[in-house]
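Structure first, then comments.
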Amino acid sequence: MKSLSKEFFNRNTVKVAKDLLGKIIEYDNVSGMIVETEAYRGYPDEASHAAKRTPRSAIMFDTHGFFYVYFVYGNYFCLNMTCEDGRPGAVLVRALEPLTGIGAMAKRRGIRAGNKKELTQKQLVSLANGPGKLCQALGITKALNNTAVGDKMKVYGGGMKQFRITCATRVGIKKAVQLKWRFYIKDNLFVSGN
DNA sequence: TCTCAGATCGTCT
DNA sequence: GACGATCTGAGAT
């Protein structure tokens, strides 16, 4: 399966975030479907790495169609894909639905099947239902940072399904949480078109 | 040198 | 559901 073209990412970041839902990520013999994304488009989203150019975040200002992987809280990595020329932007992949290589994912995540030797539905969901979790499950590290989409990791088209999309491009995560918007945008389809 | 973080997990209520 | 501990590295000063 051919990976998404670089031009797919050279569009409005919010649109890319929306279109990434339902796409398949394949890396290191495991794969999963993207079920939650978050768009970051720089100022005025003050909580975004794209709000300010630093050596780390420069990739969001200079490229589209590249992976931006950063380390957070001393424990976890977060996977982003850079977007649109002309302004800083990236889409954070927040959750995956595991498809293949589930055993490998469970091993990496330290999740063990019970007596029935099969993961429960709850365990299956918890494999990659968070930005840090999915990186752990797929074995994503900074080695993927600054590589082109399709180079080491493939992202290709799956059927579009209706999934939750969160986007804090207007107010930033911190303010969104302060204003309790996070709740709202998690339970409803919320897309800022700015 | 210091602060704090786009998360996760375990514990407590 | 709320809250604290985790503990490395990027960015600020």
Minimum-distance nucleotide (side-chain atoms of [X] versus [options]):
X: A:Asn80; options: C:dG11, B:dG6, B:dC9; result: B:dG6
X: A:Met60; options: C:dG9, C:dA12, B:dG6; result: B:dG6
X: A:Pro55; options: C:dG11, B:dA5, B:dT8; result: C:dG11

Please confirm whether the shortest side-chain N or O distance from [X] to OP1 or OP2 of [N] is below 4.0 Å.
X: A:Arg109; N: B:dC9; result: yes
X: A:Arg94; N: B:dG6; result: no
X: A:Lys142; N: C:dG9; result: no
X: A:Thr54; N: C:dG11; result: yes

Which whole-number value in Å describes the distance from [X] [atom1] to [N] [atom2]?
X: A:Gln136; N: B:dC9; atom1: CD; atom2: P; value: 7 Å
X: A:Phe77; N: C:dA10; atom1: CZ; atom2: C1'; value: 13 Å
X: A:Lys52; N: C:dA12; atom1: NZ; atom2: C1'; value: 8 Å
X: A:His49; N: B:dC4; atom1: NE2; atom2: P; value: 15 Å
X: A:Leu127; N: B:dT8; atom1: CG; atom2: C1'; value: 14 Å
X: A:Lys122; N: B:dC9; atom1: NZ; atom2: C1'; value: 13 Å
X: A:Ile140; N: B:dA7; atom1: CD1; atom2: P; value: 15 Å
X: A:Arg56; N: C:dT8; atom1: CZ; atom2: P; value: 16 Å

Donor-acceptor pair (no angle test) under 3.5 Å: [X] side chain, [N] base:
X: A:Asn75; N: B:dT8; value: no
X: A:Tyr70; N: B:dG6; value: yes
X: A:Tyr40; N: B:dG6; value: yes

For this session: Verify whether one side chain among A:Gln136 and A:Arg109 offers a donor that lies under 3.5 Å from an acceptor in the other.
Result: yes
For this session: Verify the distance criterion only: is there a donor paired with an acceptor across the side chains of A:Lys6 and A:Asn10 at less than 3.5 Å?
Result: no
Problem set entry | Paired nucleotide for B:dG10 [Watson-Crick or G-U wobble; both distances under 3.5 Å] | C:dC3
Exercise. So which nucleotide does C:dA10 pair with, by the Watson-Crick or G-U wobble rule with both distances under 3.5 Å?
Worked result: B:dT3
Exercise. Is the closest side-chain heavy-atom distance between A:Asn80 and A:Ile59 below 4.5 Å?
Worked result: no
Exercise. Could you walk me through whether A:Tyr68 and A:Met81 pass the side-chain contact (heavy atoms from CB on, under 4.5 Å) check?
Worked result: CA-CA 6 Å; A:Tyr68 168 46; A:Met81 297 176 215; over 6 Å; no
For this session: Any chance you could measure A:Phe9, atom CZ, to A:Leu20, atom CG, to the nearest 0.5 Å?
Result: 5.5 Å
For this session: Say whether, by atom type as modelled, one donor and one acceptor occur between the side chain of A:Ser57 and the main chain of A:Lys52 under 3.5 angstrom.
Result: yes
For this session: Please indicate yes or no: is the ring centre of A:Tyr73 less than 5.5 Å from the centre of the six-membered base ring of B:dA7, with the two planes inclined by under 30 degrees?
Result: yes
Problem set entry | C1' gap between C:dG4 and B:dC4, integer Å | 16 Å
For this session: Select base, sugar-phosphate, or nothing to describe what A:Gly132 touches, counting heavy atoms under 4.0 Å on all strands.
Result: sugar-phosphate
